[in-house]
Structures are given as C-alpha cells and as structure tokens.
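Everything numeric in this text was worked out from a predicted model, so none of it was measured. Nothing fancy with the numbering, it's 1 onward along the sequence. Note: hydrogens, waters and symmetry copies are ignored here, and every other heavy atom, side chains too, is used.
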Amino acid sequence: MADVKPQPAKIERLENDYTRRLDKQATQQHHHRWLGKRRARRATRIIIVFAVFMTILGIQWVRTNASLHTVNQQVTTSEQQLTKTKATNQKLKLQIKQLNDKDYLGRLIRSKYYYTKSGETVYSLPGDHATDVTAK
C-alpha cells in the first residue's frame, strides 16, 4: 500500500462562514503574536535605555559623593586652621596692647635684658632661670 497524497490541484477551499471565521482567527492570532514580539522588543529597548541612564546617574552620584567628602575634609581642615590663626591673632593683639603699656614694657626689658632703673641693684640667685639674650 502506497501513501496516496492529495494533489493540490484537486483540493479546493470551501468559502463559507466557518472557514472565514478560522481565517480571521488565524490572522488575529498571527497579529497578536506579532504585536507581542514587537512589544517585547520595545520593552527590552526601554529597559536597556533605562539601565544606561541609571548607570550614568549612579556613576555621577558616586563621583559627587567622593568630591563632597573631599570638600568637607578641606572645610574641616580650613576651619581648624582658622581657629588656630584666630587664637594666634588674639595672642598677638594682646602682646601689642601690652607692649603699648609703659609699665609692662619696662618690666619686660628689665627681666629679659637685665636693665635696671637708676639706683636699682640686681641680685642673681642660684634658682633663677633667666634666659640669656644671646641664646636666642
């Protein structure tokens, strides 16, 4: 027994409501599959673009945080230096004010350079630790 295949010329398609409905359903199914693939490709592209933007924004965020940390360290260092400079400035202002006082200036010159007032005698004791002017 040989397989008998129908020849295409002898097959004729019936044109009725049932076959038209089947054709319409097949066309709709094909169209839905095509739309599904198209939507999936579009969604993939959107996700890729979103991922690229998120990566770029993430890199920028990391760089910004690093530079912010560096700037905060510089600000802290500058504030510490400013505090030290203000303290030094206050000490210098106090020295200027004291040097303008004649009594203080006289005491400073007598103790540092061993000057005396007229009629005054200086006694050196063993426990004195006066600094030598030439030692500086």
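Using a 4.5 Å cut-off on side-chain heavy atoms (C-beta onward), N100 and L105 make no contact. Counting heavy atoms from C-beta outward, R39 and L35 have side chains that approach closer than 4.5 Å. Looking at heavy atoms from C-beta onward, R21 lies in side-chain contact with Y18 at the 4.5 angstrom threshold.
The distance from atom CD of Q95 to atom CD of Q90, rounded to the nearest 0.5 Å, is 12.5 Å. Note that CG of N72 is 9.5 Å distant from CD of E79, once rounded to the nearest 0.5 Å. From Q25, atom CD reaches atom OG1 of T27 across 10.0 Å, with rounding to the nearest 0.5 Å. Q81 contributes atom CD, which lies 8.5 Å from atom OG1 of T77 (distance to the nearest 0.5 angstrom). One finds the CG atom of L68 at 10.5 Å from the CD atom of Q73 (value rounded to the nearest 0.5 Å). Rounding to the nearest 0.5 Å gives a distance of 14.0 Å between CG of D101 and CD1 of I96.
Remark: side-chain polar atoms of N89 are not paired, donor with acceptor, to backbone N or O of T85 under 3.5 angstrom.
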Should R20 and D17 be marked as a salt bridge (Lys or Arg N to Asp or Glu O under 4.0 Å) after you check the CA-CA gap, both sets of side-chain angles, and the distance that decides it?
CA-CA 5 Å; R20 281 187 225 119; D17 287 339; 3.0 Å; yes
Test log, rule side chain to side chain contact (heavy atoms under 4.5 Å, CB included), inputs L82 and K86
CA-CA 6 Å; L82 177 65; K86 282 184 176 181; 4.0 Å; yes
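Of the options I47, I48, I46, a side chain to side chain contact (heavy atoms under 4.5 Å, CB included) to T44 is made by I48 and by none of the others.
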